[in-house]
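In what follows, a structure is listed as structure tokens, so that the remarks can point back to it.
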2 protein chains.
Amino acid sequence: MTGDHLSTIFSALSDPTRRAILARLASGETSVSELARPFSLRAPTITKHLKVLEHAGLVRRSRQAQRRPCRLEAAPLKEVTEWLEQYRQFWTRSMSRLDNYLAAMEPEGKKKHARKKRN
Amino acid sequence: MTGDHLSTIFSALSDPTRRAILARLASGETSVSELARPFSLRAPTITKHLKVLEHAGLVRRSRQAQRRPCRLEAAPLKEVTEWLEQYRQFWTRSMSRLDNYLAAMEPEGKKKHARKKRN
DNA sequence: CGGCTAATTAGCCATACGGTAAAATAAACC
DNA sequence: GGTTTATTTTACCGTATGGCTAATTAGCCG
């Protein structure tokens, strides 16, 4: 763990079980035991995964009776797409040598009096 | 390692050094030792990171003399954005309860101006 | 209270990861 | 051929991760 926020998010997303949990939560809140069922994993394992997701800000938990239902929190996913935007040009254009050159010219800049290439 | 492709990609992206390597490669090919310099990491460490990136399909390597320059390969990043698209509605809309309900109604569908949910 | 259900904590285990130093390869160059 | 430079391979180390079981806490209900 580097303390780096983006690393935490990517790391949380790097497990298929956790992505499946997110997919499940996309269709509504659920409890831990309901989440555990389809994965044939024990409850403590799911709890651990939820902690990872929660720590990454991808899940928020509430409380109702004994249950601690989880809700999807998508803000970190937005951060990820914003990070990815930086590289979009590398797959939308044809990856020519010229494209790479242009990419190098505009390293991080947002609009930066962009005469041509209005982004 | 789960064998899952997406997991491999996310895992590769979950390290800040590797993301920095990608950022560096976005401005052109480079050799291992040039990559190592700004990170104050030893060459073998960079080699390992490059292997991870290469295995995730994010980097391609060539050969010129003793150098093995690396080139950015962005296709996997496209896959990631496509996976993320599935969740875009969760941060673009206001996350109301109704939105969640609608999201549940339209699980995987593309545009399909919702006649009645023809699925 | 006592019991029941849901979830977490604690402890264990095997494996993976990020880093290192030292040795081995690869290719140029004198 | 021998030297130099670039990179990889080969151990090795400490820590993190994903899974488990068993024990513990939290909250309902009879």
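Remember, predicted model here, so these are calculated numbers, not experimental data.
Between the P atom of D:dT8 and the CG atom of B:Leu53 lies a distance of 13 Å, rounded to the nearest Å. Look at CD1 on A:Ile21: it is 11 Å from P on D:dG18, rounded to the nearest Å. Rounded to an integer number of Å, the gap from A:Glu29 CD to C:dA6 C1' is 16 Å. The CZ-C1' distance, from B:Phe10 to D:dG18, rounds to 19 Å in whole Å. Atom CZ in B:Arg19 sits roughly 15 Å away from atom C1' in C:dG18 (whole-Å rounding). Taking atom CG of residue B:Leu50 and atom P of nucleotide C:dG19, one finds them 12 Å apart after rounding to whole Å. With rounding to whole Å, B:Arg61 atom CZ is found 14 Å from D:dA6 atom P. Summarising the geometry, the separation between CZ on B:Arg42 and C1' on C:dA23 is reported as 16 Å, rounded to the nearest angstrom.
Using a 4.5 Å heavy-atom cutoff, the side chains of A:Leu77 and B:Phe90 are not in contact. Counting only heavy atoms from C-beta outward, the side chains of A:Lys48 and A:Thr17 never approach each other to under 4.5 Å. A:Trp83 is listed as a side-chain neighbour of B:Leu13, based on a closest heavy-atom distance under 4.5 Å. A 4.5 Å side-chain heavy-atom check between A:Ser62 and A:Glu29 finds at least one atom pair inside the cut-off. B:Arg61 places a side-chain heavy atom less than 4.5 Å from the side chain of B:Val32.
Few gaps surround CZ on A:Arg19; more than 12 heavy atoms of other groups in view lie less than 6.0 Å from it.
A salt bridge links A:Arg88 to A:Glu85: at least one charged side-chain nitrogen sits closer than 4.0 Å to a carboxylate oxygen.
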Could you go through nucleotides 25-30 of chain D and list every protein N or O atom that sits under 3.5 Å from one of its N or O atoms, giving the distance for each pair?
| from | atom 1 | to | atom 2 | distance (Å) |
| --- | --- | --- | --- | --- |
| D:dA26 | O3' | A:Arg63 | NH2 | 3.1 |

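For the pair B:His49 and C:dG19, the criterion of a side-chain N or O lying under 4.0 Å from OP1 or OP2 is met. Between B:Thr17 and the phosphate of C:dG18, there is no side-chain N or O to OP1/OP2 separation shorter than 4.0 Å. Taking 4.0 angstrom as the limit, A:Thr47 places none of its side-chain polar atoms (N or O) nearer than this to OP1 or OP2 of C:dA7. Contact check, B:Ser33 against D:dT5: no side-chain N or O comes under 4.0 Å of OP1 or OP2.
In this structure, B:Phe10 and A:Phe10 have tilted ring planes: the angle between them lies in the 30° to 60° band.
Considering only the side chain of A:Ser31, C:dA7 comes nearest among D:dT7, C:dA7, C:dT8. The nucleotide whose nearest atom lies closest to any side-chain atom of A:Leu41 is, among D:dT9, C:dA7, D:dC20, D:dC20. Comparing C:dT8, D:dG18, C:dT20 against the side chain of A:Asp15 picks out D:dG18 as the nearest. Distance from the side chain of B:Pro44 is smallest to C:dA21 among C:dA21, D:dG18, C:dA7. The side chain of B:Arg67 has D:dT7 as its nearest neighbour among D:dT9, D:dT7, D:dA22. Closest contact between the side chain of A:Lys48 and the listed nucleotides D:dT8, C:dG19, C:dG11 involves C:dG11.
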